[in-house]
Amino acid sequence: MPLKNTTTLLLHMAPYTTLPLPSLQCGTLLQSLTNSKSFSQAQQLHAHAITCGTLLQNTYLYTKLSACYAACGHMPQAQLIFDQILLKNSFLWNSMIRGYACNGFPLKSLVMYREMLNFGQKPDNFTYPFVLKACGDLLIRGIGRKVHALVLVGGFESNIHVVNSLLSMYSKFGDLAIVRLLFDKMSVRDLTSWNTVISGYVKNGEPEDAFLVFDHMRRAGGIGDGTTLLALLSACGDLMDLKMGKAIHGYAVRNVGKVCNEFLMNSLIDMYCNCDSISDARKLFEELKLRDAVSWNSLISGYEKCGDAFKVLELFSQMFVGGAIPDEVTVISVLRACNQISASRLGSSVHSFIVKRGHKVNTAVGTALVSMYANCGSLLCAHRTFDEILEKNLASWTVMVTGFGIHGRGREAIAMFYEMLGKNITPDEGIFISVLSACSHSGLVGEGKEIFYSMARDYNVEPGPTHYSCLVDLLGRAGYLDEAHAVIDNMKLKPNADVWTALLSACRLHRNVKLAEISAQKLFEMNPNGMSGYVCLSNIYAAERRWKDVERVRALVKKRRLRKTPSYSFVELNKTVHQFFVGDTSHQQSDDIYAKSKHLNEQLKKAGYKPDTSSVLYDVEEEIKEKMLWDHSERLALAFALINTGPGTTIRITKNLRVCGDCHTVIKMISKLTSREIIMRDISRFHHFRDGLCSCGGYW
DNA sequence: TTGTACCGTA
């Protein structure tokens with residue numbers, strides 16, 4: 001009878017028999033439980049050995065028991081028994097060091113190792129792998145190198161397990177040159193050696209080298225296993241190399257075949273997502289028999305990355321039915337999706353879900369929540385959540401600064417930024433972008449300039465193209481067009497398309513046709529296929545009623561076969577997000593919406609509204625232009641919200657492009673007419689409309 | 001009285 005079955009049988013018998021199992025029998029059983037990591041059965045056997053008196057004074061059994069608890073990851077129990085053993089052998093020490101190292105307590109593992117040395121026990125070829133693992137996990141180079149030296153002194157440098165552990169440790173440190181040196185010197189390599197080096201290259205951002213090592217391995221006659229493929233799939237994702245990904249998929253089917261484990265399947269799904277092939281990912285997902293949280297998370301984050309927020313929310317609800325439990329990773333993807341479509345009610349119900357489920361709002365989740373609230377228009381909730389994050393990292397501060405910025409609260413954004421510096425957090429390029437654009441949305445020219453020039457001077461962060469375009473935007477919006485132009489001319493870097501785009505839109509705001517033409521020229525040279533520049537230039541000409549020039553730009557667009565991004569707006573009602581395109585008639589309440597628009601137009605005109613048709617790019621009669629303005633997606637969304645919500649309810653609208661000038665005026669007036677607070681998010685910022693005024697103060 | 005490793009998915 002195989003040992004495993006004997007074990008099971010004996011264990012089942014143990015509670016019913018008064019016959020004590022002999023010590024040797026207990027030991028064999030414990031060994032088998034150690035291998036299978038069966039904690040509860042170990043507890044049963046422990047109890048049995050106590051009742052029967054077998055355990056009494058039995059160092060052999062004590063040692064086995066401690067090792068078994070350690071292998072199961074129950075370190076307090078293991079430690080308790082360990083402390084009672086006077087005659088500690090190397091097996092016992094190694095078991096404890098392993099237990100701590102492999103169950104998330106690397107520091108304790110090293111403390112154990114130190115105690116072992118003090119105790120006079122010599123480390124052996126089993127000790128070093130765990131100690132090296134602990135050093136690697138803790139990223140402590142100094143101690144790692146010392147242990148390496150001891151390995152050499154002890155003559156373990158030819159032990160394959162020890163060397164494999166060294167490879168792993170140095171790749172965790174990022175010391176790939178040492179990894180390579182050790183690997184090349186190895187006279188015998190096993191699959192683990194290859195796998196360690198391959199995944200080492202992937203983890204350190206050298207996917208190409210990982211493939212080279214894989215080739216080397218194949219030429220040496222090696223066949224990859226699940227672990228090899230896992231690393232290579234990750235490399236395919238990093239390179240966005242779908243062709244290679246499919247090849248690896250084929251290799252997996254041929255060589256790993258039916259052994260195809262969940263890890264590998266999940267990793268394949270993730271690879272297809274990273275290679276922008278969501279349909280392949282979906283296909284695999286549908287084929288999966290057992291879907292765990294990682295399977296769901298992979299697909300969900302795939303949809304989130306490609307911007308399909310509605311699919312994310314759909315999958316999130318299906319996940320519950322599918323029996324998988326959402327975790328922090330799920331929640332972060334879902335919050336990002338809410339963020340994309342401004343689904344604040346949905347987002348806050350995700351927040352309550354987290355709290356109800358007893359999940360901790362840790363740094364990552366907290367940061368995602370802050371970002372969601374800020375991007376969905378609830379700056380207050382964002383701030384409150386931010387305050388609740390116990391350990392704020394740079395990302396947390398950045399989303400909060402961005403939040404204040406897009407809501408036009410520039411001074412608070414700056415204050416937040418300096419508060420962060422006061423906490424000795426080192427700023428990076430990202431947070432400078434946040435704080436600079438916050439200045440530009442609030443017209444804080446002096447403050448913004450000072451921060452820009454302090455970047456390199458005080459914080460050793462060289463301004464990149466994005467920082468320059470923030471500066472140009474800041475100066476340009478505020479009307480300092482010539483100074484903005486001079487900034488571009490004096491840039492240390494080569495100006496990119498974004499910089500010229502910033503100047504061009506400033507020219508539109510301040511109706512400077514001449515500089516606009518210069519900027520547009522530069523922009524089209526650099527990025528002839530970007531649509532926004534053409535739209536902006538057309539608008540500038542249209543505002544001056546220079547229809548021939550409008551026509552010329554239109555012809556250029558046609559020649560280059562470009563298409564304007566369709567404009568659309570979202571509005572959330574009862575946790576459902578409604579989407580409207582320009583001139584959309586597909587909504588079931590469409591007739592009511594247009595009737596409401598017509599009514600609003602009449603009311604506004606009575607209140608003195610004069611349509612500004614300059615954003616209409618067609619030389620048609622004024623009446624038609626006016627009608628075209630009322631087709632704008634943000635107005636359809638607004639009319640829809642006005643029909644379907646009670647008086648006094650705040651309305652939140654999101655638009656994928658910049659809000660047009662006339663819509664801005666109209667929404668201001670509607671906020672007064674209907675006594676509603678209207679919060680609108682466009683591509684660059686928030687507009688809080690209240691009582692006929694907007695928070696943006698003209699900066700948008 | 002007896003055996004312990006190294007490399008993996010979002």
Side-chain angles (χ1 to χ4, degrees), chain A residues 22-32 34-35 54 58-64 66-68 70-71 89-99 101-102 123-133 136 156 159-172 179 183 186 189-203 210 213 224-234 237 256 260-271 273-274 281 285 288 292-305 324 326-333 364:
Chain A
S23 172
L24 186 59
Q25 200 79 273
C26 275
T28 317
L29 275 174
L30 273 171
Q31 187 55 52
S32 143
T34 305
N35 296 339
T54 327
N58 189 333
T59 302
Y60 162 67
L61 269 190
Y62 265 105
T63 303
K64 284 269 183 193
S66 174
C68 184
N89 62 11
S90 65
F91 169 67
L92 181 62
W93 284 105
N94 290 344
S95 301
M96 291 302 285
I97 293 171
R98 169 197 182 211
C102 298
D124 58 21
N125 55 321
F126 284 104
T127 320
Y128 285 118
F130 305 122
V131 174
L132 292 168
K133 179 181 166 59
F156 294 105
N159 181 297
I160 193 160
H161 296 294
V162 176
V163 182
N164 285 345
S165 305
L166 282 169
L167 294 176
S168 165
M169 179 185 76
Y170 282 112
S171 86
K172 282 173 192 159
V179 171
F183 182 72
M186 288 174 90
R189 303 180 184 116
D190 64 3
L191 190 52
T192 303
S193 325
W194 291 101
N195 285 347
T196 308
V197 175
I198 291 173
S199 64
Y201 276 121
V202 177
K203 287 241 162 91
V213 177
D225 67 348
T227 306
T228 327
L229 299 181
L230 236 35
L232 293 176
L233 286 172
S234 171
V256 186
C260 233
N261 57 29
E262 301 130 63
F263 273 28
L264 198 52
M265 286 302 277
N266 290 341
S267 185
L268 278 165
I269 292 174
D270 186 50
M271 178 275 293
C273 289
N274 287 329
F285 180 82
L288 266 188
D292 63 4
V294 180
S295 328
W296 287 92
N297 289 346
S298 304
L299 192 64
I300 286 178
S301 79
Y303 278 117
E304 187 269 313
K305 269 180 234 151
D327 59 13
E328 280 154 18
V329 181
T330 326
V331 157
I332 290 173
S333 288

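Reckoned from all heavy atoms, side chains included, excluding hydrogens, waters and symmetry mates. Quick note on labels: first sequence line is chain A, next is B, and so on, each numbered from 1.
Among the heavy atoms of the strands lying under 4.0 Å from A:Asn125 is at least one base atom, whether or not backbone atoms are also near. Looking at heavy-atom distances under 4.0 Å, A:Tyr128 makes no contact with the nucleic acid at all. Contacts of A:Asp270 with the nucleic acid, taken as non-hydrogen atoms under 4.0 Å apart, involve only primed sugar atoms and P, OP1 or OP2. Note on A:Asp327: a base of the nucleic acid sits closer than 4.0 angstrom, heavy atoms only. Residue contacts for A:Thr196: at a heavy-atom cut-off of 4.0 Å it reaches the sugar-phosphate backbone alone, with no base atom in range. Using a 4.0 Å heavy-atom cutoff across all strands shown, A:Cys68 reaches no nucleic acid atom at all.
For A:Trp194, the ring-ring contact (aromatic ring centres under 6.0 Å, His included) partners two or more places apart in sequence, or in a different chain, are A:Phe183, A:His216.
Here the side chains of A:Leu29 and A:Ser32 are not in contact, with every heavy-atom distance at 4.5 Å or above. Residues A:Lys172 and A:Lys133 have side chains in contact (heavy-atom distance under 4.5 Å, counting atoms from C-beta outward). The shortest distance between side-chain heavy atoms of A:Ser90 and A:Thr127 does not fall below 4.5 Å. Counting heavy atoms from C-beta outward, A:Asn164 and A:Met186 have side chains that approach closer than 4.5 Å. Proximity of A:Asn266 to A:Asn297: side-chain heavy atoms (C-beta onward) are nowhere separated by under 4.5 Å.
The outermost nucleotides of DNA chain B lying under 4.0 Å from heavy atoms of chain A, listed 5' to 3', are B:dT1 to B:dA10.
Using a 3.5 Å distance cut-off with no hydrogens or angles, the side chains of A:Thr228 and A:Asp225 do pair a donor with an acceptor. In this model, no donor atom of one side chain and acceptor atom of the other lie less than 3.5 Å apart for A:Thr192 and A:Asn195.
Within residues 162-171 of chain A, the residues that place at least one heavy atom under 4.0 Å from DNA chain B are, in residue-number order, A:Asn164, A:Ser165, A:Ser168.
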